[in-house]
Amino acid sequence: MVKVYVMDNYEGLSNKAASIIASQITLKENSVLGFSTGSTPEGMYSRLVQMYRQGLLDFNKVVTFNLDEYVGLSPDHPQSYHYFMHQHLFNHVNVPPENINIPLGTAENLEEHCRAYDKKIAAVGGIDLQVLGIGVNGHIGFNEPDRCLSAWTCVVDLSEATIKANSRFFNSEDEVPRQAITMGMASILHARRLMLLASGKSKARAIRETLSGKVSTQVPASFLQLHPNAIIVMDKEAASLL
Ligand code: PGA
């Protein structure tokens, strides 16, 4: 059963999500955290930075794995997820750089890089808490709706809906990379806890389908229903069709 928290607004969602991460770190200082990017977790990251500055949090033993990265964008590209994570979190807290793992979109051998990524997650004992966003089409990571989904970290083609949605960060739709590396469905579902964040009306339909009671590859987020310890933290607008 997916546990749902409906918060009044985006600020409430961000505070709730940050407090769940904070308690995970407090309970286990060497937690392995799975992070995601996009607009939705920005408030959560800024709250975590604030807590760190107040001396309430220590990331010194934390290990992180990011969900995905665009193929072809180097880590210093302003739209890369490397850049996003450093700008919003890693430049401001004390996660040791060697503990930070983000797929490399410019890796020479992408397939090998993907295989090594899952192996590295397993080698540190698996992810304790994985943060997820959700696409308007129900994707998680870049696992796009399809007839079948990939189990492990791999290179995928972005759907038209995702290219459109993400074009807001680029000068034009043409500049949005067409491929990404993403953790696969098994990579995600192996995490001990999942926390999906959803904000705004545009996510309401995807959230309704995620919690519909049916699991479909056409709504990758619906696989959360198979996980024993998944929660969704959303605002009222994202919950408006429930
Ligand atoms: P968003 O992206 O937070 O920018 O809406 C989420 C996603 O597409 O997974």
Side-chain angles (χ1 to χ4, degrees), residues 2 7 9-18 21 34-48 65-71 73 78-85 87-89 102-103 105 130-146 149-150 153-154 156-170 173 175-185 187-189 191 194-211 217-224 230-241:
V2 180
M7 313 310 288
N9 50 34
Y10 180 69
E11 195 188 351
L13 176 165
S14 302
N15 289 342
K16 180 77 183 166
I21 291 186
F35 282 141
S36 67
T37 52
S39 309
T40 316
E42 283 183 13
M44 174 190 81
Y45 291 131
S46 93
R47 181 82 189 107
L48 286 173
F65 285 89
N66 263 75
L67 254 189
D68 47 18
E69 178 60 287
Y70 289 116
V71 166
L73 298 195
Q79 295 313 330
S80 74
Y81 292 162
H82 273 80
Y83 193 94
F84 176 101
M85 286 307 299
Q87 189 187 26
H88 290 280
L89 185 69
I102 306 174
Q130 174 69 54
V131 180
L132 299 165
I134 183 169
V136 289
N137 60 2
H139 75 196
I140 48 175
F142 277 118
N143 295 285
E144 302 282 21
D146 208 337
L149 302 171
S150 296
T153 301
C154 62
V156 291
D157 295 329
L158 270 54
S159 72
E160 282 307 315
T162 299
I163 292 167
K164 222 180 189 48
N166 291 9
S167 65
R168 70 189 194 278
F169 300 113
F170 293 82
E173 214 169 291
E175 283 184 22
V176 184
R178 268 31 188 183
Q179 286 191 312
I181 297 174
T182 185
M183 277 167 59
M185 296 301 290
S187 322
I188 293 170
L189 292 168
L194 300 177
M195 174 169 70
L196 185 142
L197 310 180
S199 169
K201 258 204 157 43
S202 68
K203 303 292 172 69
R205 203 169 62 91
I207 284 294
R208 187 181 61 191
E209 290 178 6
T210 294
L211 294 168
T217 59
Q218 297 300 336
V219 186
S222 66
F223 278 73
L224 260 70
I231 65 170
I232 301 184
V233 183
M234 62 183 108
D235 58 17
K236 279 185 178 159
E237 291 188 335
S240 59
L241 294 179

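Both ligands and their constituent atoms are indexed starting at 1 by order of listing. Both backbone and side-chain heavy atoms feed into the values below; hydrogens, waters and symmetry mates do not. These numbers were taken from a predicted model, which means no experiment stands behind them.
Residue V136 does not touch ligand 1, judged by heavy-atom distances below 4.0 Å. When heavy-atom distances to ligand 1 are checked against a 4.0 Å cut-off, R168 comes that close only through its side chain, counted from C-beta outward.
Distances below 4.0 Å separate heavy atoms of G38 from the following atoms of ligand 1: 3 (O), 4 (O).
Looking only at protein heavy atoms, the nearest one to atom 5 (O) of ligand 1 is K203 NZ, 2.6 Å. In this structure, atom 3 (O) of ligand 1 lies nearest to the protein heavy atom T40 OG1, 2.4 Å. Scanning the protein heavy atoms around atom 6 (C) of ligand 1, the nearest turns out to be I134 O, 3.6 Å.
In terms of N/O distances under 3.5 Å, ligand 1 is approached by S39. Polar contact check, H139 against ligand 1: a nitrogen or oxygen pair lies under 3.5 Å apart.
For Y70 and F170, the gap between ring centers is short of 6.0 Å.
At least one donor-acceptor pair closer than 3.5 Å links the side chain of Y10 to the backbone N or O of G43. The main-chain N or O of S159 is found under 3.5 Å from a side-chain atom of E144 such that the two form a donor-acceptor pair.
The distance from atom CD of E175 to atom CD1 of I163, rounded to the nearest 0.5 Å, is 13.5 Å.
Aromatic ring orientation, F35 versus Y45: perpendicular (interplanar angle above 60°, classes split at 30° and 60°).
Just one of L197, T40, L196 meets the side-chain contact (heavy atoms from CB on, under 4.5 Å) condition when paired with L132; it is L196.
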